[in-house]
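Just so it is clear, the structure is predicted and the values come from calculations on it, not from any experiment. All chains are named by letter (A, B, ...) in the order of the sequence lines, taking the proteins before the strands, and each is independently numbered beginning at 1.
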Number of protein chains: 2
Amino acid sequence: MSDVEVPMPTPPGRRPRRTREPRRPLTVDLIVETGIRVLDAEGLDAVTMRRVAQELGTGPASLYAHVGSKDELYDLMLDRVSAEIRLPEPDPARWRELIKESALEARRVMSAHRDIARVSLGSIPLGPNLLLGAERMLAILLAGGVPPKIAAMALDTLAMYIDADVIEGTIYTARALGPEDGQRMYEDKIGPIRDYFRALPPARYPNIVAMVDELTEGDGDERFTFGLDIFIRGLASYVPDDS
Amino acid sequence: MSDVEVPMPTPPGRRPRRTREPRRPLTVDLIVETGIRVLDAEGLDAVTMRRVAQELGTGPASLYAHVGSKDELYDLMLDRVSAEIRLPEPDPARWRELIKESALEARRVMSAHRDIARVSLGSIPLGPNLLLGAERMLAILLAGGVPPKIAAMALDTLAMYIDADVIEGTIYTARALGPEDGQRMYEDKIGPIRDYFRALPPARYPNIVAMVDELTEGDGDERFTFGLDIFIRGLASYVPDDS
DNA sequence: ACCTGAACACCGTTCAAGT
DNA sequence: ACCTGAACACCGTTCAAGT
């Protein structure tokens, strides 16, 4: 309850310095935090230099003293977000379960931050937290007996798969809305598509018309686990003497 | 060699109507073609309404008579591009090879058009050519005995995998450049990353430091085929009586 | 019906000037 | 060293006005 919290009128005779001053001095962390706040509330496209600056009560030019560019800010946001991913310790006997858990956990965290996965897909992990995630998954794979060359490729493929799935997922789900609104929005989008598929000329698109239900009722979680299980099983086939 | 080809000075007494007239009347096809030309030359981000309009000798507002929005233009470009994908006829006995061929062909075509895959990832195929591709792959899978529900999920996953891989690939390869320039650019990018990985604290990142070579020497084609083979093998496990 | 100029409300980034 | 205002060169989209 100090005087910084509640706004006071300007005392007479002392003129206001700025219409709106930054509460805290600008730092990289503060800028990144603010970016993530905007991301979570409105999505990645809303995270502009001007918007973040405005949120901090300053102009866009001020950010460039702390951050090289918008893309660098995006990278920093991604690394900060990926610090939330909690990965298990390696265990040679249980590497398949642990990799599956890891992928699901990474997907969960990424999904919680809208379309930040767009930054991840198509960029090499360089930030400390991103690298720690890679390190952990590598440890799990190697402990399980996956050959190094295969483990390296698997790491790439897995990251790609997670990112792509999260990006696909963010089209349907409006996570800012409540669950019932999300369901309604899902139906609003999928309904017309179902109708469109059904109205397609069956001579040209026989299988799509025949499989409208299978094609549109797909649950996102189910599909992700489907591909993940296949991938892990395939990976296991590269491990000598794997049960 | 008609007079439309070579520019003539304006005859005296007849004032020029516009500084620069569109050669051809605006149509959706012409706009889409122009968009793809810009895409191939400079990438998706260069394809702006203003840029396409300029290329056609008109203003951005004129495009809106034919195309609803920039996103719609992107969708139309994607569908046009995907018409180049040539998929094989179904053959029950050879479904695994045919799906592999199909995936490689789709990847080849998408890769040839810079980062158009960004439009594809995270959008449901609705255009006639996109749907034809889906129809063909569905036919191959169903002919091979893959259960409909599995085939539907596989289709989604495969499309996602192809898109993600192409997007990843477009970071490294500057396809507008010649092959030797592409190689040089690749080395310019990968070299510093290798050095960075090697300089990482080994106590915190033991596996990454130990596996720098495996992690950075990854060939894009090899990795794609690796994941593809695993996926197809996994898919085959859902087919009753598959050899 | 198609096209246009002008305007609106935005962008990322730079740079000289201030403290 | 950090911050700023102003400017530059862009965006997508709308809309009244023209043909």
May I ask which nucleotide in the shown strands pairs with [N], Watson-Crick or G-U wobble, both distances under 3.5 Å?
| N | result |
| --- | --- |
| dC8(C) | dG12(D) |
| dA17(D) | none |
| dC3(C) | none |

- Query: Should the pair R114(A)-E42(A) be classified as a salt bridge under the 4.0 Å nitrogen-to-oxygen rule?
  - Reply: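 So R114(A) does not pair with E42(A) through a salt bridge.
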- Message: Salt bridge or not between R107(A) and D221(A)? Use side-chain N to carboxylate O under 4.0 Å.
- Response: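 Judged by the 4.0 Å cut-off on N to carboxylate O distance, R107(A) and D221(A) do form a salt bridge.
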Starting at atom [atom1] of [X], determine the distance to atom [atom2] of [N], rounded to an integer number of angstrom.
| X | N | atom1 | atom2 | result |
| --- | --- | --- | --- | --- |
| L56(A) | dT4(D) | CG | C1' | 15 Å |
| L63(B) | dG5(C) | CG | C1' | 14 Å |
| M49(A) | dC8(D) | CE | P | 21 Å |
| R50(B) | dC8(D) | CZ | P | 17 Å |
| L73(B) | dG12(D) | CG | P | 10 Å |
| Q54(A) | dT4(D) | CD | P | 14 Å |
| L30(B) | dC2(C) | CG | P | 14 Å |
| I31(B) | dG12(D) | CD1 | C1' | 15 Å |

- Query: Is the shortest heavy-atom distance from the side chain of Y205(B) to the side chain of P201(B) under 4.5 Å?
  - Reply: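 The answer is yes, as the side chains (C-beta and beyond) meet within the 4.5 Å cut-off.
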- Item | Distance in Å, I116(A) CD1 paired with L121(A) CG, rounded so as to fall on 0.5 Å steps |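 It is 12.5 Å, given to the nearest 0.5 Å.
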- Item | Position toward the 5' end of DNA chain C (nearest nucleotide), G68(A) or R51(A) |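 Closest to the 5' end, via its nearest nucleotide, is R51(A).
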- Parallel under 30°, tilted from 30 to 60°, perpendicular over 60°: which one fits the rings of Y161(B) and F224(B)?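 Parallel, since the angle between the ring planes stays under 30°.
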- Query: 5'-most contact on DNA chain D: Y64(B) or A61(A), nearest heavy atom basis?
  - Reply: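 The residue whose closest nucleotide sits nearer the 5' end is A61(A).
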- Item | C1' atoms of dC10(D) and dA9(C), separation to the nearest Å |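 Looking at atom C1' only, dC10(D) and dA9(C) are 13 Å apart.
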- Short side-chain N/O contact to dA1(C) OP1/OP2 from H66(B), under 4.0 Å: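 Checking dA1(C) against H66(B), no side-chain N or O comes under 4.0 Å of OP1 or OP2.
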- Could you tell me whether the phosphate oxygens of dT4(D), OP1 or OP2, come under 4.0 Å of any side-chain nitrogen or oxygen in T58(A)?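 Yes.
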- Message: Closest approach to the side chain of K70(A), judged atom by atom: which nucleotide of dC2(C), dT13(D), dG12(C) is it?
- Response: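 The answer is dG12(C).
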- Query: When all nucleic acid strands are considered with a 4.0 Å heavy-atom cut-off, which category describes S62(B): base, sugar-phosphate, or nothing?
  - Reply: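 Base contact - S62(B) has a heavy atom under 4.0 Å of at least one base atom.
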